[in-house]
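Notes follow the structure.
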There are 2 protein chains.
Amino acid sequence: MAAAGINKNIEIWIIEDNVSYRRTLLGLIERTKGMSCSQVFSSCEEAINKFEDADAPEIILLDIGLPGMSGIQGIEKFKTLSPQTHILILTVYDDNDNVFEALCAGASGYLLKDSSPEKIIESIKEVLAGGAPMNMKIAHKVLEIFTRFKPKKNDYGLTEREKEILQQMVAGLTKQQIAEKLFLSFHTVNTHLKNIYNKLHVNTRSGAVSKVYKENLL
Amino acid sequence: MAAAGINKNIEIWIIEDNVSYRRTLLGLIERTKGMSCSQVFSSCEEAINKFEDADAPEIILLDIGLPGMSGIQGIEKFKTLSPQTHILILTVYDDNDNVFEALCAGASGYLLKDSSPEKIIESIKEVLAGGAPMNMKIAHKVLEIFTRFKPKKNDYGLTEREKEILQQMVAGLTKQQIAEKLFLSFHTVNTHLKNIYNKLHVNTRSGAVSKVYKENLL
DNA sequence: AACCAAATACCACGAACGCGTGATTGATAC
DNA sequence: GTATCAATCACGCGTTCGTGGTATTTGGTT
């Protein structure tokens, strides 16, 4: 596995539009034994062009927020052009969508830009060793995403009627509208709502709706 | 919760049927400063019983291949009994199914038994810091699982600021609370909220929150 | 320099909400 | 046979929301 590091340098490309950060990365790579950065780009498009007359690198350090084609789109393109190339995301975005999309698209790791230089070097090695380096924060998000795939049946002891009312609330209806739709008195809906709040340990509509989705109730 | 490490030891339970490995773990924990293992079990059932007359621990080190109830089932049970308890899987199984199920069920981390003692201690700390420690191998499998999914994405031209405010609303905060949290005037939040409603074509908090989840905004 | 979108801030009003406290009925359980 | 609990309905109080406005500042385009 580490064979590459013995005879020749690990070939790395950098795609990063921020000039100073790009320079920082380049410096870091170049002064690390066993690694070398032959190409730097500020957009995916440029890198894609280079694939024609240059050998594919072993690693691409890739930003997500890029001018033109986004890093996410880039991943897919690079993976088609050179499936064996590992792509290590290095970005400021840590929202669930970007993380999810990047990993779905085939990224081999996901780091945030506040990672220390040592962490970055270490992660590159980890990728080559078949790992999947991630920030603590990112790893946590990954698990969060996982738990969403598993329908929890944590009822909180909600009654059928309460669930019914919760559904209407999730749909965005007001208490009065719910009452009309379910042929109830406004006061009844009010009471149910209070009980729901108690059971779910929330005290706002948004909190309740949020809990419904997060924990897959109903 | 993070204050726990300052004044008292991190409370850890071990559930592991292999006597010698259990002893190894126990020894490791007990000789680590700031951690203490008050309970060891060889099955989930025993641990579940103890939940009644003992305080829930901060961490459970959990094996998967157990007599009786499997570790996977155990996770769900423990998470119901004590949602704030972190469960760290420590097992020999590294097949996709077990990994996937465990993480779906709510495990906070997944280590293989060949992990070094230092790695285990480090992982416990990482879990408490909100991370999700995984072996290189496991992390790689997690990414593999991810590549099997491929969803959509949507945006209603929401501003970054608007998304930020939407996030707080999803968390169940009131306008006033959001204003305080983001160091804004109440009126500003109000304005943003109006714009958000317009963009999402809703006119209630619940409707907005609902849309966020249904269409995977943020 | 002109322009524009985004972020910020303010006001006022009627509608809706959250919450405490209460009651009545009917079914199920012990 | 009485205890429990879901479901229904009721009132009032103070708070928050949704919506109609207006307006300033700022950063980026043109």
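Each chain gets a letter, A, B and so on, in the order its sequence line appears, and its residues count up from 1. Because only heavy atoms are used, hydrogens play no part in the values below, and waters and symmetry mates are left out as well, while side chains stay in.
Among residues two or more places apart in sequence or in another chain, the side chain to side chain donor-acceptor pair (under 3.5 Å) test is passed with A:Asn135 by none. For B:Thr191, the side-chain contact (heavy atoms from CB on, under 4.5 Å) partners two or more places apart in sequence, or in a different chain, are B:Asn195. In this structure, the side-chain contact (heavy atoms from CB on, under 4.5 Å) partners of A:Ser108, at least two apart in sequence or on a different chain, are A:His86, A:Val127. Shown here are the side chain to side chain donor-acceptor pair (under 3.5 Å) partners of A:Ser185, two or more places apart in sequence or in another chain: there are none. Considering only residues two or more places apart in sequence or on other chains, B:Glu122 meets the salt bridge (charged side-chain N to carboxylate O under 4.0 Å, His left out) condition with B:Lys119. With sequence neighbours left out, A:Phe41 forms a ring-ring contact (aromatic ring centres under 6.0 Å, His included) with A:Trp13. Applying the ring-ring contact (aromatic ring centres under 6.0 Å, His included) rule to A:Tyr110 yields no partners; only residues at least two apart in sequence or on another chain are considered.
Residues of residues 174-182 of chain B having a heavy atom closer than 4.0 Å to DNA chain C: none are found. The stretch residues 196-206 of chain B does not touch DNA chain C, since none of its heavy atoms comes less than 4.0 Å from the strand.
At a cut-off of 3.5 Å, with distance as the only test, a side-chain donor of A:Tyr213 or B:Ser210 sits close to an acceptor on the other residue. Of the N and O atoms on the side chains of A:Asn18 and A:Ser20, at least one donor lies less than 3.5 Å from an acceptor on the other residue.
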Passes salt bridge (charged side-chain N to carboxylate O under 4.0 Å, His left out), A:Glu76 versus A:Lys79? Steps please.
CA-CA 5 Å; A:Glu76 285 161 23; A:Lys79 275 288 166 185; over 6 Å; no

Yes or no on side chain to side chain contact (heavy atoms under 4.5 Å, CB included) for B:Gln177 and B:Gln168, after CA distance, side-chain angles and deciding distance?
CA-CA 9 Å; B:Gln177 289 170 326; B:Gln168 300 305 321; over 6 Å; no

Determine, stepwise, if the pair A:Glu30 / A:Thr32 fulfils side-chain hydrogen bond (donor to acceptor under 3.5 Å, both in side chains).
CA-CA 5 Å; A:Glu30 284 299 350; A:Thr32 301; over 6 Å; no

Carefully, step by step, assess A:Glu11 and A:Ser38 under the rule side-chain hydrogen bond (donor to acceptor under 3.5 Å, both in side chains).
CA-CA 7 Å; A:Glu11 183 92 1; A:Ser38 50; 2.3 Å; yes

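One atom, CG of B:Leu193, and another, C1' of C:dC10, lie 16 Å apart when rounded to the nearest Å. Rounding to whole angstrom units, CG of residue B:Asn190 and C1' of C:dA12 are separated by 11 Å. Counting to the nearest Å, the C1' atom of C:dG18 and the CG atom of B:Leu173 are 16 Å from each other. Protein atom CZ of A:Phe186 is 7 Å distant from nucleotide atom P of C:dC17, rounded to whole Å. For the pair B:Lys163 NZ and C:dA7 P, the interatomic distance rounds to 11 Å; values are reported in whole Å.
Side-chain contact check for A:Pro57 versus A:Ile59: every heavy-atom pair is 4.5 Å or farther apart. Taking the side chain as every heavy atom from C-beta outward, B:Asn190 and B:Lys175 approach each other to under 4.5 Å.
You can see that DNA chain D meets the heavy atoms of chain B within a 4.0 Å-exclusive cut from D:dT16 to D:dG21, reading 5' to 3'.
Axis angle between the ends of the helix from C:dA1-D:dT30 to C:dC30-D:dG1, five pairs each and rounded to 10 degrees, works out to 50°.
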What string of B, S and - do you get for nucleotides 23-29 of chain C, 5' to 3', if B is base contact, S is sugar-phosphate-only contact and - is no contact with any protein heavy atom under 4.0 Å?
-------

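For B:Lys77, the NZ atom counts as loosely surrounded, since its 6.0 Å shell holds 12 or fewer non-hydrogen atoms of other residues, nucleotides or ligands.
Across the interface with DNA chain C, nearest-nucleotide mapping of B:Gly157 and B:His187 shows B:Gly157 to be the residue nearer the 5′ end.
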